[in-house]
Amino acid sequence: MVLVNPNTSTATTAMMTTIARRSLDTTPSPPAPATCSHPVHAPAARTHPVHAPAARTHPTHAPAACAHPVHAPAALAVRGVTVSRGPGMLTDPAALRAAAPEVLAAGLRAVAEGDCAALLVAAFGDPGVEELRAATEVPVVGLGEAALAEAAADGTPFGIATTTPLLADAITERVAALGLADRYTGLRLTAGAPERLSADPALLLDRLERAVRACAERDGARAVVIGGGPLGEAADELRARCAIPVVAPIPAAIRAITRMLTA
């Protein structure tokens with residue numbers, strides 16, 4: 001499969017590809033719902049009240065989630081590609097919209113080159129996913145849709161913890177478009193600029209953990225999605241640090257693609 005990074009950071013592409021490869025043969029069962037096990041004495045994560053709109057009459061159907069282990073085909077491998085143009089991070093709606101045609105172009109190139117069993121669009125806003133589905137026959141999965149579907153499986157109330165306040169409305173709209181608004185408890189944002197947090201992994205992990213705690217303790221979430229492909233390493237660490245199920249989007253997308261290819 002080919003992982004398409006919608007931002008222009010080759011370092012981010014390499015990191016997400018590594019996580020995707022590591023996820024191919026591991027689908028651990030989630031722990032029982034609870035709050036994070038590590039106390040944090042700093043102020044709680046900044047609240048971004050979100051009133052989720054009602055789901056659309058004709059929702060976009062995300063890949064079905066599954067709680068059972070899924071094992072990738074032996075020959076399945078992951079190749080990462082980076083879009084040619086755009087910012088190093090997608091932090092606002094304009095950047096997200098501008099990424100869609102770049103993702104489409106990169107995905108079509110990957111399919112034309114061969115050895116592409118599926119396409120994984122590695123940004124939480126899923127830019128270019130629908131365009132790729134219309135233009136190619138291979139399975140296409142976005143990080144956002146896969147992670148949200150997995151978190152909401154069996155009617156579980158879920159929240160989202162992320163770092164990009166300017167994308168808050170777009171994220172809420174995506175939840176509604178997927179038909180998951182009735183299970184959505186809201187969005188919690190980290191304090192600090194996304195660029196600063198991405199440059200300081202320890203600070204990023206701390207701020208995201210506070211946001212996860214707020215989702216669980218204040219909003220009633222029983223699962224929390226980490227909203228961002230570039231947050232992949234922090235998401236993996238939080239799964240071990242927190243007792244509430246934390247859905248890391250890259251492994252969730254790998255599981256969704258594996259189910260499609262082995263169905």
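Position 1 is the first residue of the sequence; numbering continues from there. Bear in mind the structure is a predicted one, so any value in this text is a computation, not a measurement.
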Ion pair check, D126 and R174, cut-off under 4.0 Å: yes
Report the distance from atom CD1 of I244 to atom SG of C215, rounding to the nearest 0.5 Å. 7.5 Å
Could R222 and E217 be called an ion pair, given the rule that one side-chain N must be under 4.0 Å from one carboxylate O? no
Between atom CZ of R255 and atom CE of M260, what is the distance when rounded to the nearest 0.5 Å? 14.0 Å
Basic-acidic side-chain contact under 4.0 Å: E113, R79: yes
Examine the side chains of D219 and T185 and answer whether a donor and an acceptor come within less than 3.5 Å of each other. no
Side-chain donor or acceptor of T156 paired with backbone N/O of A152 under 3.5 Å: no
Is the backbone N or O of L96 less than 3.5 Å from a side-chain atom of D92, with the two atoms forming a donor-acceptor pair by type? no
Does the R207 side chain pair with the main chain of T190, one donor and one acceptor, at a distance under 3.5 Å? no
Any luck finding a side-chain donor-acceptor pair between T13 and T82 under 3.5 Å? yes
Apply salt bridge (Lys or Arg N to Asp or Glu O under 4.0 Å) to residues E131 and R97 and explain how you reach the verdict. CA-CA 12 Å; E131 292 87 344; R97 288 191 297 270; over 6 Å; no
Does S84 form a side-chain contact (heavy atoms from CB on, under 4.5 Å) with R109? I'd like the steps, not just the answer. CA-CA 11 Å; S84 300; R109 282 195 300 270; 3.5 Å; yes
Can you measure from CG (D236) to CZ (R241) and round to the nearest 0.5 angstrom? 13.0 Å
Under a 4.0 Å threshold between the charged nitrogen and the carboxylate oxygen, would R196 count as salt-bridged to D200? no
